[in-house]
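Contents: one structure, followed by commentary.
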Amino acid sequence: MTMNQYEIDHLATVREVAPESMVLLRTDGSFPLERPGTLALYGAGARRTIKGGTGSGDVNSRHVVSVEEGLESAGFVISSKAWLDAYDEIAEKNHREFVEDLKARAKAAGVPALMFGMGAVEPAPVVDLPLDAEADAAIYVLSRDSGEGNDRTPEAGDVKLTESEIRDILALEEKFSTFLLALNVGGPVDLSPVKDVRNILVLSQLGAATGDAFADVILGRAYPSGRLATTWAAWEDYCSEGDFGDPDDTHYREGVYVGYRYLDSVDVAPIFPFGFGLGYTTFELGGATVTVNGSAVTVEVEARNTGERPGKEVAQVYVSVPAGELDQPFQTLAGFAKTGELAPGASEKLAVAFDLAELASFDTARHATVLEAGDYLVRVGTSSRDTAPAAVIEVAETAVVRELHDVLGDPGFTDWKPAAPAAVEIPANLPRLAVEAAALRREDTAEPVDLSEALAFVQGLSDDELTYVVLGDYADEASKQSIIGQASQGLVGAAGQTTTRFDGLPSLILPDGPAGLRIVPQVGVDAEGKFPLGDALGGLFAELMDDASMEAFGVDPNAPERTPERVFEQYATAIPIGTAIAQTWDPAVAEALGDVVGAEMDHFGAHLWLAPAMNLHRSILCGRNFEYFSEDPLISGRMAAGITRGVQKHPGRGVTVKHFAFNNQETNRLNSNSRISQRAARDLYLRGFEIVVREAQPHAIMTSYNLINGVHTSESPELLETILRDEWGYEGLVMTDWVVYSMTRTDMKHPRASAVATVKAGNELFMPGCEEDRKTLLDGLAGVRDLPSITREELEKQAARVVRMARKLGEAAPAPEV
Ligand code: BGC
């Protein structure tokens, strides 16, 4: 195995920053270990370590270092090999049965197995193997996997632990004085039965270097400095006011009460709160000083390392917005800052800055965001449940911050709110500051993007030609899909590219993410061009390719095997999952990881990376949460902005922020209708997107599959033109999620999105595109069929947006190295 220099460098970066994602939940000081010795290593994640979940974000790294391998190469002697070998056999059998069962159930349901089983969670097997290894210390690595296409369940083996996991973890805790429970998971598991274990670490899923980074932390060569970006509660304690997982209509009845906003408002203490995390040392936050300038608030606080090892602390500022005409959650994260490395005894003064105007809530009656008159209590601390009041900011009269449009329809219900919300008590002796209503007023003026040059180009095209511009590139005119793995000749394994039909117009190449670049690792070249070698899709995708899936995806089982004249490699670096990146609470780390991806985009010649993914963790059951950041929109927006800066510092490279928006479950993801009030939509679900747009101008945004109050997000001019472009000043490209024609079902309550309706709505690139989609555009131009019609002028405008971005990125991007 010869690694390229870029792989070596990027792995080193991932290994170096990975400990910033690890969250130490409990410690008795027995870790880190002083030296590598004998180790009793158990649990599913020990050998079968999960680098990141399944689905379109699965990245083909050359090699993934498992926990076992990482520990061994650091010098540990694993004394529990017999257990690991026996577990392997059980897990293999479990997996075979799981795949067979999925295929059988898909057949019974008359659905291609790939569509049915994609992302299904394989429940952890119940095992009964002796824990008889002797060692200096023991580690149990619990793992969970999930992915695109299916949601998690609150059952044992997924959100809950299995009987054998609980039994083994508690037995090891009893037997060994030095024992660690490590969690190789993409999202919370209900730790209730094991919450008192003395040492618990959220290892998370950290990409290709997971095992090495873990060994570094176990030996104290690095230290965990992550903080939870989503609450870890007992399953029963999460908000259950709204519903989840309805295939047709999901009611977000809980309104803005999501995650800690809910738990703090009903005063239920979670097992491990939002923002929580320990380290190998201890910190003290000094008294905070709060100053106000206009509406800009600065909270200065000193963090001092009071322990005996180096570490980093995160200062978190929460604000209790006063309830008035609008109810308010108990508190909202307003800002945060992480120290650099602090040696024992050292301290650092942090300045956490935020704009009070950004805490405004949408008032449906006024069609505006407002800050109501009252006392805003500022708290500073190290988690949502561990804060000290620092100041009160008085707003004397209700301020209208932004006048907005009344859009996005009606969900058909009124949002839930707590009957007896936890009272916000304001201590009498706090410093009081004032912000004038006038300082809170915001008037945004979005400059329209100059499309004149691009318009001149598209005006010279025939109707026939014009339709190709707004669709992804597809080669096979006869088939109803563009197959991932073969959708791009420019970069094999990219999820798609823009049209290649026009001389002189660059085609933008679009590989998936978010845990790195998803491309095919081995490529063959013959007289007809490049093609993937071996299993292009990887993992469960390939295993589920039954006859019905092949037919649906246009894979010809009898196609003659192509013999390559030349073969080359395309290994990309798997970086930590989105949730792990959020756990760093450090946008600079997100930027460094974005930079790694940007460099690989340079290397392979990719233009728009289909990442970061940033839907909110509304429920811990969402199967794609691991790709997403947090239950909090501020963390999500800041992390996405960091990644965007990291990628977009490379000329001609851009991100595609996804999935815009309200895509918080996987059940019937193509046609499920998210029913949400405009307030919850704007205050929570759109907020992170707004932050990344205003802070970092991503070059592209991908709409989601789902609907919002009865309208597909991709077909909503209110979302795409009014909110995104007019209100936020977005200047980039908008594309759909991959509406693969043959993947869409027609037997659902809500119909599939159509190329003509999306393009008309301001979603100028319909992906991945096929001849069938082009026909709907031509019919739309002719005004026939039961679909919206589109004028030549409307189509020209949307095509010009694609052309503008194709030129902007295509001309700035240096030529690839492969
Ligand atoms: C996923 C997207 C992905 C796209 C292209 C879709 O099914 O939802 O996240 O970028 O496929 O692979």
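Just the heavy atoms: all of them, side chains too, but no hydrogens, waters or symmetry mates, feed the values below. Just follow the structure's listing: the first ligand is 1, and inside any ligand the first atom is 1.
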For ligand 1, which atoms have a heavy atom of [X] less than 4.0 angstrom away?
{"X": "Lys658", "value": "2 (C), 3 (C), 9 (O), 10 (O)"}
{"X": "His659", "value": "2 (C), 8 (O), 9 (O)"}
{"X": "Asp737", "value": "1 (C), 2 (C), 3 (C), 4 (C), 6 (C), 7 (O), 8 (O), 11 (O)"}
{"X": "Met702", "value": "10 (O)"}
{"X": "Ala495", "value": "5 (C), 12 (O)"}
{"X": "Leu610", "value": "10 (O)"}
{"X": "Arg624", "value": "1 (C), 2 (C), 8 (O), 9 (O)"}
{"X": "Tyr705", "value": "6 (C), 7 (O), 8 (O)"}

Would you check whether Arg518 reaches within less than 4.0 Å of ligand 1, judged by its heavy atoms?
-> no

[X] with [Y]: basic N within carboxylate O range, under 4.0 Å:
{"X": "Glu631", "Y": "Arg618", "value": "no"}
{"X": "Glu731", "Y": "Arg725", "value": "no"}
{"X": "Arg518", "Y": "Glu600", "value": "no"}

Do the side-chain N and O atoms of Asp473 and Tyr468 include a donor-acceptor pair separated by under 3.5 angstrom?
-> no

For Asn184 and Thr49, does a side-chain donor sit closer than 3.5 Å to a side-chain acceptor?
-> no

Distance from Ser21 atom OG to Gln205 atom CD, nearest 0.5 Å?
-> 11.5 Å

Purely on distance, is any nitrogen or oxygen of Trp738 under 3.5 Å from one on ligand 1?
-> no

Okay, side chain of Ser630, backbone of Asp632: is any donor-acceptor separation there less than 3.5 Å?
-> yes

